[in-house]
Q: 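Just passing along the structure, written as structure tokens.
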Amino acid sequence: MQHTGGNMGSEGITPRDEDYSQWYIDICTKAELADYSAVKGCMVIRPNGYAIWEKMQRALDDMFKATGHRNAYFPLFVPKSFLSREAEHVEGFAKECAVVTHYRLMNAPDGSGIVVDPSAKLEEELIVRPTSETIIWSMYKKWIQSYRDLPLLLNQWANVVRWEMRTRLFLRTTEFLWQEGHTAHASSEDAEAEALRILEVYRRFAEEWLALPVLVGRKTESEKFAGAQHTYCIEAMMQDGKALQAGTSHHLGQNFAKAFDVTFQTETGTREYVYATSWGVSTRLIGALIMAHSDDHGLVLPPRMADIQAVIVPIFKKQAELQAIQEAVGRRADSWRDAFSFQMDDRDTVTPGFKFADWELKGTPVRIEIGPRDLAKGQAVVVRRDLERGQEGHKTFVPLDEIVAHVPRTLDTIQRNLFDRALAFRTAHTYDVDTYDEMKARIEEAPGFFRAFFDGSAEDEARIKAETGATVRCIPFGDQGERGTCFLTGRATNQRVIFAKAY
RNA sequence: CGGGGUGUAGCGCAGGGGGAGCGCGCUUGGUUCGGGACCAAGAGGUCGGAGGUUCAAAUCCUCUCACCCCGACCA
């Protein structure tokens, strides 16, 4: 199949149990979150999708500011020479960098179209940033002289490019949007505290805003960011039991300071390399949101992520009936607007039934139906997106004057229910395993998180990945200390890890 | 980079040497409207591109381009 999308409606959504991967694509395209662009591996984020990103940006940005960070913007282009300064770091990205070699086009001499002007070759080639560590650290070298300049706490909202072999809408695209924080500190302890502070910001954001329960922990040596001393992460479970890394925070130690020769003078007059962190989340979170909550009818948005939290569907035959409904809503619009965001769908070109399905597809958390019969009784029908038709609580009759209080409560209930549901799903799909054979036997028919004592080497991890497809997603905090025996080597260990197949 | 698939109307597809079609959507008019309405009349295409075979190519041959999906690799 080629480009999907268009005006098909949710009738065309592939059920999850039939083809999870196709279901995901259907949600993205039919809910008009994204569309394929002319460039392979690149996507267009449509208004419905971008609205979600804007919600994420707003919430996260406020949290970054509240923890003392400021925004800045660094250039898209990085001189090629910068990338050779940090060999370990380069290793991770060199194979997927886009390179700018020329700066001008011209008409082809033979009139066949536009060609690259061979005389406009760049002296030094430019890399399109796959991440901004190098360009940022080249500036930090100029800006940091003294311990008084520290800590330096910057974040940037930007696009980056990684030339991936295999792409997937939102989850892995050639170009994507993200935020990248880059901080510099006077001590290792400060950098460590910063990395953990941000990890906690990410956890709170995921759980409180995205209604996405996450495991918080540390990456193993083989899974950590090349160039980091260690990497922390939040990991979420999708509805197919696969893990998705939803955010990372790195303690970079002095690696980048040494690569870019960034030193500062201490209080006692000595000179020391600065300590660093970096951290980021991307538009991938939109993919996480979709795969955590949505169903076979379409997108399901947590209320705090919904641009339109409630849609009002008027039921009417005659214009006079519509007018009466509009007046009833109009009288209360200001107070409603203060309590929740809503939109009236008063199109007279489609039937109410079509609107119901349409707004469900788009993920709107609450639907308020108002018809002549309701109006006569001074009530409305409030319908929850998170419950199936016929389920207890799906539909409620609410007096119009109580909508202002009822809807916000319902939104809170939905937000909480989505989280609880996702957490219950994760719990039900998390398995304690004592032996490697046990995991091997179960992982195919029961995808999920496998919790095991493990102290194997990077080679052991590679072998497990080759044999089962599973990797160590994280070493969760608060799950350590207990003694056990490694499920592979049989050695005594207190390290408990989560194995899972991952996106 | 391997494997698979697809390029024909906005979307989904059929057609396989001689009139470019169907469904949905779109436009206009009318009847409808509490779970994806109906009738009628319309608009809309260099059949991905190039070359070849032929009296004649969407269709056969050669080459090419592009995108999608699955895998390896990676956020």
Side-chain angles (χ1 to χ4, degrees), chain A residues 1-14 19-22 24-26 29-30 32 35-43 91-96 112 130-131 160-174 176-178 180 219 222-226 231 233-236 243-248 250 279-285 287-288 297-298 313-319 321-322 325 346-361 367 369-375 380-381 383 389-390 394-395 397 462 465-466 469 471 473 502-503:
Chain A
M1 74 176 298
Q2 211 190 340
H3 292 181
T4 49
N7 311 320
M8 283 280 294
S10 68
E11 290 164 302
I13 290 186
T14 306
D19 184 346
Y20 191 80
S21 174
Q22 188 58 47
Y24 175 77
I25 293 164
D26 288 347
T29 54
K30 304 215 156 106
E32 297 177 357
D35 204 349
Y36 296 99
S37 79
V39 182
K40 179 191 170 107
C42 291
M43 68 186 284
E91 199 146 328
F93 297 116
K95 293 172 298 226
E96 48 194 43
S112 61
T131 176
V160 288
V161 168
R162 296 179 190 174
W163 218 265
E164 299 285 353
M165 297 312 267
R166 175 117 164 67
T167 56
R168 215 147 144 43
L169 293 173
F170 290 114
L171 299 178
R172 183 170 299 109
T173 47
T174 300
F176 59 92
L177 306 182
W178 76 347
E180 47 181 326
K219 286 292 191 188
S222 52
E223 291 282 329
K224 82 170 173 60
F225 174 58
T231 292
C233 63
I234 53 172
E235 292 280 334
L244 188 137
Q245 180 176 300
T248 53
H250 313 288
W279 29 274
V281 299
S282 72
T283 36
R284 169 175 246 220
L285 284 176
H297 305 296
V313 178
I315 315 291
F316 62 97
K317 293 184 176 66
K318 307 186 198 70
Q319 280 302 310
E321 288 170 336
L322 173 60
I325 295 163
D346 54 10
R347 286 179 288 179
D348 59 3
T349 50
V350 290
T351 60
F354 180 91
K355 293 177 187 176
F356 297 167
D358 194 38
W359 289 96
E360 277 165 11
L361 170 62
R367 177 173 77 239
E369 304 170 16
I370 309 176
R373 296 205 298 270
D374 296 312
L375 218 48
V381 184
V383 184
R389 230 193 291 184
H394 177 244
K395 273 191 185 187
F397 296 92
K465 183 178 182 186
T471 49
R473 298 323 302 155
Y503 277 100

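All chains are named by letter (A, B, ...) in the order of the sequence lines, taking the proteins before the strands, and each is independently numbered beginning at 1. Because the structure is predicted, anything quoted here is derived from the model rather than measured.
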Q: Check this for me: does the side-chain of A:E360 come within 3.5 Å of the base of B:G35 through a donor and an acceptor?
A: yes

Q: With a 3.5 angstrom cut-off on both distances, give the Watson-Crick or G-U wobble partner of B:G29, or none if there isn't one.
A: B:C39

Q: Return the nucleotide paired to B:G19: Watson-Crick means purine N1 to pyrimidine N3 with N6-O4 or O6-N4, wobble means G-U with N1-O2 and O6-N3, both under 3.5 Å.
A: none

Q: Quote, to the nearest angstrom, the C1' distance that separates B:G45 from B:U8.
A: 8 Å

Q: Report which part of the nucleic acid A:V381 touches: base, sugar-phosphate, or nothing (heavy-atom distance under 4.0 Å, all strands).
A: base

Q: Quick one: label A:R367 by what it contacts on the DNA or RNA (base, sugar-phosphate, nothing), any heavy atom closer than 4.0 Å.
A: base

Q: How would you label the contact of A:T173 with the nucleic acid (heavy atoms, under 4.0 Å): base, sugar-phosphate, or nothing?
A: base

Q: Contact class for A:K317 (heavy atom, under 4.0 Å): base, sugar-phosphate, or nothing?
A: base

Q: Measuring from the side chain of A:K395 (C-beta onward, heavy atoms only), which nucleotide among B:C67, B:G35, B:G34 has the closest atom?
A: B:G35

Q: By nearest atom, which of the nucleotides B:C70, B:A72, B:C74 is closest to the A:M165 side chain?
A: B:A72

Q: At 4.0 Å (heavy atoms only), tell me whether A:K318 reaches a base, stays on the sugar-phosphate, or touches nothing.
A: nothing

Q: Give one of base, sugar-phosphate or nothing for A:Q245, where a contact means two heavy atoms less than 4.0 Å apart.
A: sugar-phosphate

Q: Would you indicate what A:G41 reaches in the nucleic acid, counting non-hydrogen atoms under 4.0 angstrom: base, sugar-phosphate, or nothing?
A: sugar-phosphate

Q: Roughly how many Å is it from CZ in A:R347 to P in B:A37, rounded to a whole number?
A: 12 Å

Q: Using a heavy-atom cut-off of 4.0 Å across all strands, would you classify A:T248 as base, sugar-phosphate, or nothing?
A: nothing

Q: Can you tell me the base-pairing partner of B:C47? Count Watson-Crick or G-U wobble geometry only, both distances below 3.5 Å, and say none if there is no partner.
A: none

